Each structure stands twice: as C-alpha cells, then as structure tokens.
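Remember, predicted model here, so these are calculated numbers, not experimental data. Naming convention: chains lettered A, B, ... in sequence-line order (proteins, then strands); numbering from 1 in each chain.
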2 protein chains.
Amino acid sequence: MTDRYHHGDLRRALIDAAVEAVGEAGPSALSLRAVAKKAGVSHAAPAHHFGDKAGLLTAVAAEGFGRLADTLEAAWDATGDFTAVGAAYVRFAIDRRPYFEVMFRPELVHADDPDLQRAASRSAAALHRGSGESDGGEFNAAALAAWSLAHGFAELLVAGNFPQAVKNDPEAAFRAVGRATGLGSDHSSG
Amino acid sequence: MTDRYHHGDLRRALIDAAVEAVGEAGPSALSLRAVAKKAGVSHAAPAHHFGDKAGLLTAVAAEGFGRLADTLEAAWDATGDFTAVGAAYVRFAIDRRPYFEVMFRPELVHADDPDLQRAASRSAAALHRGSGESDGGEFNAAALAAWSLAHGFAELLVAGNFPQAVKNDPEAAFRAVGRATGLGSDHSSG
DNA sequence: CACCCGTCTTGACAGTGTCAAGTTATATCG
DNA sequence: CGATATAACTTGACACTGTCAAGACGGGTG
C-alpha cells in the first residue's frame, strides 16, 4: 500500500495529515516535512501537489468551507431558525477545529484561489439565509450581525477567552446569546 | 545611540520592531532575526529579553490588550453607549491591526503570562461595561453577545470576508449591525 | 581601581520551505 | 508485446529559521 512509488491518492492523504497536524499544534507550527513523513512520502512530495505550504493550507481551508456550508445548510433545512444555524457554526468550530483555525487566516493561504473563494461564498450564503434576505443595496445589516455574532462567539470560544460556564456547554450559551439579540426569530416565526 | 553596546531600552525597541514586522507580513511570518536586525542588534538579543519568540509576541499582545482597554474605556466614558464601544473595538482592529492579529492567537503566545491575562481581563471588562452588568450566576448573555458581535465583525473585516460596501466605512456598517441587534442603543438613541 | 553582573555578541546546531535535477512507475502508441 | 512519453515522486542542496552555550563588553558598586 504505502510503500508503492505511486501513492494512489497522495493529495487526499496529505490533506488528512495536514488537518491532523494542525489539530495537534496549530497552523503556524505546521511543518510540510512532518506532514510528508506522516503520509509516508519524501519531504518534497507536498510541493508537487500543492505548490507550496500555503497551497496545502488553501486546500484544507477550501475543504473546511465546503464542510461548513454543508453543516449550515443542513441546520437551516432542519430548523429554519437562525439561532440553530449559529449554534451549528459554533459546533463546527469546536468539532472541526483544525479546519476552522485555517479558514479565516488569509496570510496562511492563497486567498485568491478560486476553489477557496467558491467554498467560502457558499458558507457565507448559507449563514445569510438564516438571517433575512439581502436587499439589493449596500449590505444587509442583519446578515452581517448574524455572521459576526456566530463567528465572534466561535473565535473567542476556541481562543479560550470565555469563562468556564460557557465552555461547559457552548451551544446552550450561544442559544442564550442568540435570544439576547433577537436576531433570527422575529421575522421568520410562524 | 544605536551603536552602543548597551542599547538603553532594547526591550521597547524590539516590541516596536515586532509590531512593525507583524504589520508588514503577519504574525506567522515574523522572524526574530529580522526583528533584531530592525532594532540594530544581534540575532540572539531578543531571546535575552523575552526568552523565546512566543515571549516577544506575548509582550506585544499584552501591550495590545492594554491599549484596547484604554480605547474602550474612553469610548464608554464619552458616549455611554454600547454601539459606540463596539465601533471603537472595530476601529482598534483596523488602526492597530498588528496588535489585533496577535492578541487572540493563544498558540503564538504564552497564554498563561500574568501580564497578558491581566491586560486581557481589563479589556473584556471594559467591553462588558457597555452591555449591562454581570448577573452573579453563570454568565451574562448580553455581555457575551456584545463581545462576540464586535469581535466577530472585526475579525471578519480584517480577514477580508466582508463586501466592499462594508470595507468602505466599517464603523458605519457596525453601527447598523449594532442597531439590528438592539444590544445597547435602545435607550440612548437620539 | 577592581570586581561583579546584567547586557549583548558570536558561533554552532538541528530543523524549515523551496528549488533543480534525477529516478521510477504508469499510460499511450507502434 | 516492447518502446517511449509523461506524470509522480525522490534526492540533494540552498538559504533561512529559533534556540542554546560560551564569550566579550561595560556600567554600577565596593
């Protein structure tokens, strides 16, 4: 299997290894050589598939945005309530933390990558759906508020800035936060 | 001046150089050797004052939290309105972006540093002041909401995830967001 | 003046990302 | 079936990184 010269699906294996490595020590401590060793290939193999380190992280981020979009769309379809979508956002940040830690760091990835941008737009759209539709004009304040609230909560949570009571049950805390702002339920109730 | 063996206030100079370097290429691209060169000292000088790279970034983060706390307290004293405090938070993320990029990255700093924790608590308290007082119990949903909203907006903004209309006048956009949530301004609007 | 000790330098080490050139296996074509 | 083109991967090298040990310097105190 792994001792073949042609790996079979090395790209897939490298992304998995990268996600695992990020989960262990964070994205800034990521070493291409360690990832290569984890996948059982030589130290320069990743460059062949991803160009450079940022290329690998770009693939990770794109995959993360795709997964997040799936999660948010499912939450919306199931409940039709923004607070539930936001809670799913928070849960994603916890459960898929390695992805989350890469997705919003433009300095670590190739921010202009088409796949990445496409996937990011998908998850942004999924979140907006839960907070009112966009007016044709400048921007939609409710959508910005929804995204900011969910994202800020998730970031502060995984960065360890919240008290223990919140860490114990983050989703419950976020539902309380969602209620405090009255963002999702006043227009879509019925 | 700089050609003396004893620098005078090298610690100060190194922090300034680090902030400048972070502003140019982000915290993950920061090089201790480049910082040392910028300050006109040898490559190992920073280690003497800060122990290691994380130590230097810890000092930057602590200073950033101190500055942020000052900013938020001033905004609250001047207006008594949460939306204004949140807007000050957003403005800080823009104006002092190098600090902001380090402050919420526990993997880059010594998160258990006492100075850092003290400064972080100060700014958290300043932000809470603008969103209602803490109940003695578990946590305060309004305070969490306020912090999450301001922080998420700031993060998404500096990460480039917002449309151009928002980037053009971020503070105005945030005020709209603050109004959409009705967090602090329903009593003081005029 | 002599000493001490904090400040900073020098030199070395293993580890990093990236590039160029070479090697191996798969696929295509005669 | 055998030759060959091509993609996948390896090997080796380069400049650069953070960190550590040892040494050089110089201001402050006796």
Side-chain angles (χ1 to χ4, degrees), chain A residues 1-22 24-61 101-102 105-111 113, chain B residues 1-22 24-61 101-102 105-111 113:
Chain A
M1 277 288 220
T2 53
D3 55 350
R4 293 184 305 178
Y5 200 99
H6 283 58
H7 183 282
D9 197 354
L10 181 54
R11 187 187 157 87
R12 178 74 259 146
L14 287 172
I15 292 180
D16 290 341
V19 170
E20 190 181 326
V22 170
E24 285 162 4
S28 18
L30 182 78
S31 155
L32 274 190
R33 293 171 112 101
V35 168
K37 183 174 291 185
K38 221 185 264 263
V41 291
S42 83
H43 68 264
H48 180 73
H49 283 273
F50 300 100
D52 57 3
K53 190 178 178 175
L56 172 56
L57 288 177
T58 300
V60 170
E101 284 186 317
V102 171
R105 305 258 184 292
E107 63 182 54
L108 296 180
V109 305
H110 294 140
D113 181 82
Chain B
M1 280 286 223
T2 53
D3 55 349
R4 292 183 307 177
Y5 201 98
H6 284 55
H7 183 282
D9 197 355
L10 181 54
R11 184 187 159 88
R12 177 74 258 147
L14 288 172
I15 292 180
D16 290 341
V19 170
E20 192 180 325
V22 169
E24 287 163 4
S28 17
L30 181 79
S31 153
L32 274 189
R33 291 170 113 102
V35 168
K37 183 174 291 184
K38 221 184 262 262
V41 291
S42 82
H43 68 265
H48 180 72
H49 283 272
F50 301 100
D52 56 4
K53 191 178 180 178
L56 172 56
L57 288 177
T58 299
V60 171
E101 286 187 317
V102 172
R105 305 261 184 288
E107 63 182 53
L108 296 180
V109 304
H110 294 142
D113 181 82

So do the side chains of S31(A) and K37(A) get within less than 4.5 Å of each other, counting heavy atoms only?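 Not in contact.
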Please tell me if the side chains of S28(A) and R105(A) come closer than 4.5 Å, counting only heavy atoms from C-beta onward.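 Answer no - side chains too far apart.
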Starting at atom [atom1] of [X], determine the distance to atom [atom2] of [N], rounded to an integer number of angstrom.
X: F50(B); N: dT19(D); atom1: CZ; atom2: C1'; result: 16 Å
X: D9(B); N: dT7(C); atom1: CG; atom2: C1'; result: 13 Å
X: L10(A); N: dT10(D); atom1: CG; atom2: P; result: 8 Å
X: R11(A); N: dA7(D); atom1: CZ; atom2: C1'; result: 15 Å
X: H48(A); N: dA25(C); atom1: NE2; atom2: P; result: 15 Å
X: L108(B); N: dG18(D); atom1: CG; atom2: P; result: 13 Å
X: D52(A); N: dT16(C); atom1: CG; atom2: P; result: 17 Å
X: L56(A); N: dT18(C); atom1: CG; atom2: P; result: 10 Å

Could you check T58(B), V109(B), L32(B), L108(B) and say which one makes a side-chain contact (heavy atoms from CB on, under 4.5 Å) with K53(B)?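 The option that passes is L32(B).
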For I15(A), which of D9(A), V60(A), L57(A) qualifies under side-chain contact (heavy atoms from CB on, under 4.5 Å)?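 It is V60(A); the other options fail the test.
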Search all heavy atoms of [X] against all heavy atoms of [Y] and return the closest pair with its distance.
X: A36(B); Y: H43(B); value: CB-CA, 3.9 Å
X: A29(B); Y: A25(B); value: CB-O, 3.4 Å
X: E101(A); Y: G26(A); value: OE1-CA, 4.1 Å
X: P27(A); Y: V22(A); value: N-CG1, 3.9 Å

Dump every N/O contact between nucleotides 12-15 of chain D and the protein below 3.5 Å, one line per pair.
{"unit_1": "dG12(D)", "atom_1": "O6", "unit_2": "H43(A)", "atom_2": "NE2", "d": "3.0"}

Indicate, with a heavy-atom threshold strictly under 4.0 Å, whether L30(A) touches base, sugar-phosphate, or nothing.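 Sugar-phosphate only.
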Measuring from the side chain of S42(B) (C-beta onward, heavy atoms only), which nucleotide among dT19(D), dT9(C), dT11(D) has the closest atom?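 For S42(B), the side-chain atoms sit closest to dT9(C).
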Can you identify which nucleotide, out of dC9(D), dT18(C), dT10(C), has its nearest atom closest to the H49(A) side chain?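 Out of dC9(D), dT18(C), dT10(C), the nucleotide with an atom closest to H49(A)'s side chain is dC9(D).
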Distance check, rounded to the nearest 0.5 Å: L14(B) atom CG versus H49(B) atom NE2?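 That separation rounds to 6.5 Å.
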Does the side chain of S31(B) get closer than 4.0 angstrom to OP1 or OP2 of dC16(D) through an N or O atom?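 No, S31(B) has no side-chain N/O under 4.0 Å of OP1/OP2 on dC16(D).
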How large an angle, rounded to 10°, do the end axes of the helix from dC1(C)-dG30(D) to dG30(C)-dC1(D) enclose when each is built from five base pairs?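 That helix has its two terminal axes inclined by roughly 10°.
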